Amino acid sequence: MVTWNNLDTLAAFSKLIQLKDCVNIARAMTGENGAARVKKYSAPMAAGLHFNYAAKQVNDDVLAVLAELAKETQAIDKYKELLSGAVINTGEKRLVLHQLARGQQCDAVIADGVDKREFYVSQQKKIAAFAKKVHAGEITNEAGEPYTTVVQIGIGGSDLGPRAIYLALENWARVHDTLKMEAKFISNVDPDDAAAVLQSVDIAHTLFIVVSKSGTTLETLTNETFVKNAIKNAGLEVSKHMLAVTSETSPLAKGADYMAAFFMDDYIGGRYSSSSAVGGAVLSLAFGPEVFADILDGAAETDKLSLNENILENAALLDALIGVYERNVQNYQCTAVLPYSQALSRFPAHLQQLDMESNGKSVNRRGEPIHYATGPVIFGEPGTNGQHSFYQLLHQGTDITPLQFIGFKNSQIGMDVTIQGSTSQQKLCANVVAQIVAFACGKDDSDNNKKFEGGRPSSIIIGDQLTPAALGALLAHFENKVMFQGFIWNLNSFDQEGVQLGKILAKRVLAHETDGALKEYSDLLDI
Ligand SMILES: O=P(O)(O)OC[C@H]1O[C@H](O)[C@H](O)[C@@H](O)[C@@H]1O
């Protein structure tokens, strides 16, 4: 049996507080010490990736107490409970089964009389068969012509993860001759979003997937109607151009106009749903089902590694624990995600939802207020672009922001140019190396304006190349990190009540049931 306790009641946490500022990163990372740390402080991840935390503000003492914290919070036991079908999502009284969509790590989970692994796999198989028929020209449009484009209509978890993954692998797929269909995404209720995408595709050769777990999200339903109108106005049949991904109990599941429908369920939260039909449909159509299966394999390997009790061999848990040390002992408020990979351009946006919607909470699992900091603010941009934008504040601003770098030895496309003795890929990698050391060690200068304090912690995830399996491993690493942090903070990381109030007020505004500030702002915007 696991027990759930607030962080500030734990013996290991009291010990950890004593270790505040015990590591001077600049000193630790300078000279031979630094070289030794880079070699030593590295944990293996799935798909050949590595989590290097040499430039984090930790030493063996901190790591030892973090191991105690993992034990005291029963982080691995809680993960095992989650995997075996416990009601971990206490707020909504739901199981949490996204890992099950990519592999069986524990005994079978039977819920509502159904073997859930069986259910998720059967949906993946249905999607694979459908995608293959589309690719083979066996499923065609009204004129018997093949589809060339797929457009996902969804928002939040029904958009961000699948979009980030598509963009991450689009070039890889092109090079490996497995880009079967171009994918586009409509998410915003801003009419310009749907209009711009519709103007950029040939509707006659496009499949639109309406993706909404609940089937009630206003933005998505609005965009569905927007697209249906466009299909009809083009003289085409909706049932030849639209499919749905939803849960079997949602209003969308009853839709008569879809050429096919694929299902997930309430046990897979939106921001964790890329591994389900939510990601599976668009990604299998775009890249082929084999590529989607490779993504799931990388994620499943991460899920397995995340079971390791030894925190030094469990990168997701270690990353989570270091994050707690930074947030609750060092009092850092943000984390920047900085992939040195253009392909990961939308990955920080996905992590924003994953992390901030999961752990942006002020009450514990029992609904009681807690008195310690929880999830950090997440933001990020690919390097080197970020260097020419917000790195100034990261280097010399008054706040310290922990940094999560991601870098790959090889590019995806392989085209390159040598200028001044180095390739672009070498320049990219040189920049991430330089940044880690610049942030950690800083630089003294008699001119304060040019002085770098250093002491700015970072870690880097390193891989050979951003492949489907590596991406799956990355995706699951962060999902599991967020899950472990939720366990340590004693949060329910799987509901999101904080998004409701705005939706309710927006409805009131649209119904003109407003007064006070709501009315004044409504008038300002001519609603
Ligand atoms: O997939 P849907 O049910 O349409 O939900 C889409 C999104 O909207 C909600 O408001 C939540 O904030 C998200 O967690 C969710 O991913």
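Every value quoted in this text rests on a predicted model; they were computed, and no experiment measured them. When a ligand or atom number is given, it counts from 1 through the structure's own listing order.
Remark: distances from the non-hydrogen atoms of Lys503 to ligand 1 include one below 4.0 Å. Residue contact annotation: Gln500 has no non-hydrogen atom under 4.0 Å from ligand 1.
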Throw together a table of side-chain donor-acceptor distances under 3.5 angstrom for residues 202-217, partners on residues two or more places apart or in other chains.
residue : atom : partner : partner atom : Å
Asp202  : OD1  : Ala204  : N            : 3.4
Asp202  : OD2  : His205  : ND1          : 2.4
His205  : NE2  : Glu145  : OE1          : 2.7
Thr206  : OG1  : Asp202  : O            : 2.7
Ser212  : OG   : Gly215  : N            : 2.9
Lys213  : NZ   : Ile268  : O            : 3.1
Ser214  : OG   : Thr216  : N            : 3.2
Ser214  : OG   : Thr216  : OG1          : 3.1
Ser214  : OG   : Thr217  : OG1          : 3.4

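Side-chain contact, Tyr267 with Asp112: a donor N or O sits under 3.5 Å from an acceptor N or O. Side-chain atoms of Glu170 and Tyr166 form a donor-acceptor pair, as typed in the model, at a separation below 3.5 Å.
With ligand atoms numbered from 1 in the order given, ligand 1 contributes 13 (C), 14 (O), 16 (O) to contacts under 4.0 Å with heavy atoms of Gln353. Each of the atoms 10 (O), 12 (O) of ligand 1 lies under 4.0 Å from some heavy atom of Val499.
Summary of contacts: the protein heavy atom closest to atom 5 (O) of ligand 1 is Thr217 OG1, 3.5 Å. What sits closest to atom 3 (O) of ligand 1 on the protein, heavy atoms only, is Ser214 OG, 2.6 Å. Nearest to atom 6 (C) of ligand 1 among the protein's heavy atoms is Ile155 O, 3.2 Å. Distance from atom 14 (O) of ligand 1 to its nearest protein heavy atom, with residue and atom name: Glu357 OE1, 2.7 Å. For atom 1 (O) of ligand 1, the nearest protein heavy atom (residue, atom name, distance) is Ser158 OG, 2.7 Å.
Classified by interplanar angle (parallel below 30°, tilted 30° to 60°, perpendicular above 60°), the ring pair Phe487/Phe484 is perpendicular. Ring-plane geometry between Phe347 and Phe478 is classed as perpendicular, the angle between the planes exceeding 60 degrees on a 0 to 90 degree scale with a lower cut at 30.
Considering backbone and side-chain atoms together, Thr220 places no N or O closer than 3.5 Å to any N or O of ligand 1. Of the polar atoms of Gly157, at least one N or O is found under 3.5 Å from an N or O of ligand 1, judged by distance alone.
Among Glu357, Gln353, His98, the single residue meeting the side-chain hydrogen bond (donor to acceptor under 3.5 Å, both in side chains) criterion with Arg271 is Glu357.
For residues 480-491, the pairs satisfying side-chain hydrogen bond (donor to acceptor under 3.5 Å, both in side chains) are Asn6-Asn490, Gln99-Asn480, Asp303-Asn480, Ser306-Asn480, Asn328-Trp489, with sequence neighbours left out.
A salt bridge links Glu290 to Lys132: one of the charged nitrogens lies within less than 4.0 Å of a carboxylate oxygen.
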